[in-house]
Amino acid sequence: MLFLELNAPEPVLETINVSVSMCAGFAYAWLEIVSHRVFIGRMLAITPQPKGWAMYSMLLNDLFKFLAPYLRNAQLAKPLTKLYKGTLRVLLVLLHDFPEFLCEYHYDFCDAIPPNCIQMRNLILSAFPRNMRLPDPFTPNLKVDMLPEIAVSPKMHCDIFSLDSYLKNRTPVTFLTELRGYLQASPNSGMRYNIQSLNALVVYVGMQAIAHIQSKGLTPSMSTIAHSAHMDIFQNLAVDMDTEGRYLFLNAIANQLRFPNSHTHYFSCTLLYLFAEANTEAIQEQVYYTCAAGEAHCQQTASVGPPHH
C-alpha cells in the first residue's frame with residue numbers, strides 16, 4: 001500500500017533529478033524501486049505514453065551510464081556483478097511486457113551501453129512489436145526484401161545532427177578528410193572516439209539514404225545504395241579509421257539490425273556492400289564478424305525468441 005502511495009502523481013517531484021549516479025550508495029535500493037512492477041506499470045502502462053515512456057527511459061539511461069565505466073572492464077567486483085545481473089532482469093521484464101518501449105528507445109540505450117556489453121545490447125535489440133510475426137529465417141528461398149514490413153521506418157527517439165550540405169552537394173570537399181577528426185573524443189574523456197557522435201552520424205546518414213532511395217520509388221539493394229554521398233561517408237569511415245574506430249563504426253551499424261523494417265534492410269545491404277568493396281582483408285574480416293554476429297542474433301530472435309539466458 002505504501003508503494004502505491006509513493007507512485008501517486010506528484011507534479012512537484014517530476015523536476016527532481018533522481019539519478020543513481022548522485023546516490024551510488026543507494027544503487028541497490030534505487031534499482032529495486034525503478035524495477036518494481038507497480039512503478040513500471042505506472043510509468044509505462046498508466047501514465048500517458050509520451051511522458052511516462054520518456055521519463056522511464058531517462059531512468060534506465062542513468063542506470064546504464066552509471067554502470068558504463070565498470071562494464072568497460074573485463075572483470076566486475078561482486079557488488080557490481082549483482083547490480084549488472086539485476087539490470088539484465090529488468091530488461092527481460094521490459095522485453096516480455098513492453099517490447100515496444102525497447103524498440104522505440106533502443107538508440108538511446110545502445111548509445112549509453114559500452115560496445116563490449118553484447119548480452120545487454122542484444123536483449124534490447126531483440127525486441128520487436130507484439131503485433132509483428134517474425135519470418136522464419138530458415139524458410140527456403142526467403143526473400144527479405146519482399147516482406148511488407150521492410151519498407152516501414154521504425155519509430156525511434158534519437159538526437160542526430162545534420163550533414164545536409166555534404167549529402168546534397170558533396171560540399172565542402174574537405175569534409176571526408178576531416179570527418180575522422182570530428183569523431184575524436186576530447187583528451188579528458190579517457191576514450192579515443194566520441195561514440196555518441198559516431199552513432200548519431202551513422203543513423204542520420206542511413207535515414208537520409210533511405211529517404212533518398214525511396215523518393216526514387218526504389219528499395220535498398222547493393223546497386224541502389226552504391227555511388228552516393230551517403231555511401232561515400234560510410235566507405236571513408238571503413239577505410240580511414242583504425243581498427244578500434246572501425247569496430248565502433250561497424251558496431252553502430254549492427255545496432256540497427258533488428259526486426260524487419262527499412263533500417264534493418266538498408267544497413268544489412270550496407271554491410272554487404274562494405275565487405276564487397278573493401279580494399280584490405282583486415283576490413284573484410286571486421287565486416288564479416290559484424291555480419292556473422294548480426295545474422296546469428298536475428299536467427300536467434302526469430303527462431304527461438306529473445307536471448308533469455
Side-chain angles (χ1 to χ4, degrees), residues 1-71 76-114 117 119-132 154-159 255 258-259 301 305-309:
M1 190 65 186
L2 176 60
F3 203 90
L4 289 173
E5 293 178 0
L6 289 173
N7 276 272
E10 182 56 64
V12 177
L13 299 178
E14 292 184 3
T15 58
I16 296 179
N17 189 338
V18 290
S19 170
V20 65
S21 301
M22 299 183 64
C23 49
F26 192 59
Y28 291 110
W30 185 92
L31 179 60
E32 185 175 0
I33 291 174
V34 300
S35 63
H36 195 280
R37 59 182 179 81
V38 176
F39 186 81
I40 293 178
R42 292 270 180 170
M43 295 296 290
L44 301 183
I46 299 178
T47 305
Q49 180 173 329
K51 179 185 290 187
W53 285 28
M55 291 176 64
Y56 197 73
S57 72
M58 291 174 59
L59 292 174
L60 281 186
N61 257 327
D62 285 336
L63 177 59
F64 296 145
K65 291 176 181 178
F66 173 75
L67 287 171
Y70 308 103
L71 294 177
L76 290 176
K78 189 174 181 179
L80 288 168
T81 300
K82 291 184 177 293
L83 191 63
Y84 170 73
K85 290 182 177 179
T87 304
L88 292 181
R89 292 182 178 181
V90 175
L91 291 176
L92 282 172
V93 171
L94 296 174
L95 183 61
H96 182 272
D97 294 341
F98 301 97
E100 292 84 0
F101 170 73
L102 293 181
C103 290
E104 189 165 328
Y105 287 91
H106 91 283
Y107 175 89
D108 289 338
F109 298 154
C110 289
D111 219 22
I113 297 173
C117 298
Q119 183 183 28
M120 180 178 288
R121 194 172 71 247
N122 279 354
L123 278 173
I124 296 172
L125 297 179
S126 64
F128 60 90
R130 282 171 288 188
N131 62 357
M132 174 180 288
K155 186 176 182 181
M156 58 186 289
H157 284 263
C158 60
D159 294 322
N255 285 344
R258 303 186 291 150
F259 56 91
T301 302
H308 287 181
H309 302 287

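Not measured: the values here are computed from a predicted model.
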**Q** What's the spacing between Ile33 CD1 and His36 NE2 if we round to 0.5 Å?
**A**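 Going from the CD1 atom of Ile33 to the NE2 atom of His36 covers 9.5 Å.
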**Q** Between Leu44 and Gly52, which heavy-atom pair has the shortest distance, and what is it?
**A**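 Between these two residues, the closest heavy atoms are CD2-O, 4.4 Å.
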**Q** Any side-chain to backbone donor/acceptor pair from Arg130 onto Phe98? Under 3.5 Å, distance only.
**A**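 Absent.
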**Q** Work out which heavy atom in Phe66 is nearest to a heavy atom in Pro69; give both atom names and the distance.
**A**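 Heavy atoms of Phe66 and Pro69 come nearest at O-CD, 3.5 Å.
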**Q** Between CZ of Arg42 and OH of Tyr56, what distance do you get to the nearest 0.5 Å?
**A**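 Reported value, rounded in 0.5 Å steps: 14.5 Å.
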**Q** Could you check whether any side-chain heavy atom of Phe64 comes within less than 4.5 Å of a side-chain heavy atom of Leu60, counting everything from C-beta outward?
**A**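 With C-beta onward as the side chain, the pair touches.
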**Q** For Arg121 versus Pro114, what's the shortest heavy-atom pair and its separation?
**A**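 The answer is NH1-O, 4.3 Å.
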**Q** So, the side chain of Arg258 versus the backbone of Cys103: is there a donor-acceptor pair under 3.5 Å, distance only?
**A**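 Indeed, once roles are kept as given, a pair shorter than 3.5 Å links the two residues.
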**Q** Report the distance from atom CE of Met43 to atom CH2 of Trp53, rounding to the nearest 0.5 Å.
**A**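 Separation between the atoms: 12.0 Å.
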**Q** Does the side chain of Leu67 come within less than 4.5 Å of Thr87's, by heavy atoms?
**A**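 Side-chain contact under 4.5 Å: yes.
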**Q** Using 0.5 Å steps for rounding, measure from the NZ atom of Lys82 to the CG atom of Leu31.
**A**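 Output value for this atom pair is 13.0 Å.
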**Q** Please check if the side chain of Tyr105 supplies one atom and the backbone of Asn61 the other of a donor-acceptor pair under 3.5 Å.
**A**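 Judged by distance alone, no pair lies under 3.5 Å.
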**Q** Return yes when atom CE of Met58 has more than 12 non-hydrogen atoms of other residues, nucleotides or ligands closer than 6.0 Å, and no otherwise.
**A**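 Count not over threshold, so no.
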**Q** Working to the nearest 0.5 Å, report the span between CG of Leu83 and CG of Leu88.
**A**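 Result: 10.0 Å between the selected atoms.
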**Q** Could you pull out the closest heavy-atom pair between Ala127 and Phe259, with the gap in Å?
**A**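 Closest approach of Ala127 to Phe259: O-CD2, 3.4 Å.
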**Q** Which heavy-atom pair separates Tyr84 from Leu76 by the least distance, and what is that distance?
**A**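 The answer is CB-CD1, 4.1 Å.
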**Q** Only one of Asn255, Ile113, Asp108 clears side-chain contact (heavy atoms from CB on, under 4.5 Å) with Ile124; which?
**A**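 Option passing the side-chain contact (heavy atoms from CB on, under 4.5 Å) with Ile124: Ile113.
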**Q** Given ring-ring contact (aromatic ring centres under 6.0 Å, His included), test Phe109 with Phe101 step by step and report yes or no.
**A** CA-CA 11 Å; Phe109 298 154; Phe101 170 73; 5.8 Å; yes
**Q** Counting heavy atoms not belonging to Tyr70, are there more than 12 under 6.0 Å from its OH?
**A**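 Not buried by this count: 12 neighbours or fewer within 6.0 Å.
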**Q** Drop me the distance from Ser35's OG to Trp30's CH2, to the nearest 0.5 angstrom.
**A**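 With rounding to 0.5 Å, OG (Ser35) is 9.0 Å from CH2 (Trp30).
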